[in-house]
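Right, one structure below, let's go through it.
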Amino acid sequence: MRIDLLRPVVKAVLVLSTFSVASLTWANDNFQQCVEDLQDKARAHGISNTTVDQVLAGVNYLDRVIELDRRQPEFTTPFSEYLGLRVTEQRVQKGRELYRQHQDLLQRVTRETGVPGHYLVAFWGLETNYGSYFGKMSTLDSLATLACDPRRSEYFTGELMAALQIIDSGDIEAERMQGSWAGALGHVQFMPSVFLRYARDADQDGARDLWGSIPDAMLSAGTFLKGIGWESGLRWGREVLLPKTFSYQMAGLGQTKSLAEWREFGLTDAFGRALPDVDVKASLLVPAGHEGPAFLVYDNFDVIMRWNRSEFYALAVGHLADRIAGAGALQNPPPSDSPRLSRQIVLELQEKLIANGVDPGALDGILGPATRKALREYQHQKGLVADGFPDSTTFAKLGVAFPQQEQQKQ
Ligand SMILES: [Ca+2]
């Protein structure tokens, strides 16, 4: 009986494996042709014959990389969850420990680049949990796969050429060059083009070793941040308190005011004290809506976003850096009951917004700038707090069931 039950499963497996062998053969033929083209490009790029013939010739196509590249986020993750997963007590404690342990090195990097050590350690913590995972994909296989895929072929061909140049320069052997599926490398997850331009040999052993040398990784991170515009002596931003009545139309990275102007609108620091009297331009961010924390962010926040184009990421770097330097948790933490929003639910919101005469942009199930703007307009019309953040009151008003957090958690 057991055998009878198993038979259909075995059949299905056979059918599947025949199919994937066929598609693999197809992919392989195309891939081999593509690799030959890449070899020509690499030669034209000045990559050595040894690297072209012995390293690039042996790259493998990785289905998994294409799968990961095509993956669509299923949910809009709320800020509370994003921050909660990245700035944990454990990560703060470990960061403080490493900050003390490497203080001579970090001071040296600050002298040379202007970037304070607590920021360097914060990037390190967010990128690889302080070097505890670099990613295990062969960088050359990943980049060759992505270079041979039409979606972003040009970009990844450039990164592949940079990776081959790194190998030519003798910084690392091809077999040790491992990282994320998209080609990011080492302790601070540099893309190869960033590595070529900004990696430094701090311990002077003759190699820029972003995998094995913490001094190299920290000096390289500082050099990169300086290169993309880090202003020494300036913070990333700070948590602030807003007055009871406040026009959330002023929020968003697109608009800046001087600290003096923000003071006049009634903003204080997170403890209710006057904002410092310095000549700094700042934007206001409310990543969890009016019930969550508010931040004023300065020019260095934009620099962090040049490392990774995500407001949540940049807020996490700034907050983790503050915590490593000794600050406490946020005065006004984001509400912990914010649910994840599935694409289906965001789509429902978008449809209801249209029915109410405001334009959420493309009907794509993504809570992007156009949808947030439409939410603000709708909230304003209905006399709600117009923060563009879909809280339970806004859901109720629009007639969409508010997702229960319990059902979202696995
Ligand atoms: Ca070195």
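Here, residue 1 is the first one in the sequence, and each next residue gets the next number. In listed order, ligands and their atoms are each counted from 1.
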Would you say A207 reaches the Ca ion (ligand 1) with an N/O/S atom under 3.0 Å?
yes
Checking one value in my table: which N/O/S atom of [X] lies closest to the Ca ion (ligand 1)?
X	result
D203	OD1
D201	OD1
D205	OD1
D216	OD2

W124 vs Y130 aromatic rings, parallel, tilted or perpendicular, using cut-offs 30° and 60°?
perpendicular
Verify the ring-centre separation between F190 and Y198: is it less than 6.0 angstrom?
no
Taking R238 first and then D322, would you say they form a salt bridge - that is, a charged N and a carboxylate O separated by under 4.0 Å?
no
Applying salt bridge (Lys or Arg N to Asp or Glu O under 4.0 Å), can you list everything that pairs with R71, at least two apart in sequence or on another chain?
none
What side-chain donor-acceptor pairs closer than 3.5 Å can you find for residues 35-43, not counting sequence neighbours?
from : atom 1 : to  : atom 2 : distance (Å)
D37  : OD1    : Q33 : NE2    : 3.3
Q39  : NE2    : V52 : O      : 3.2
R43  : NH2    : D53 : OD1    : 2.8

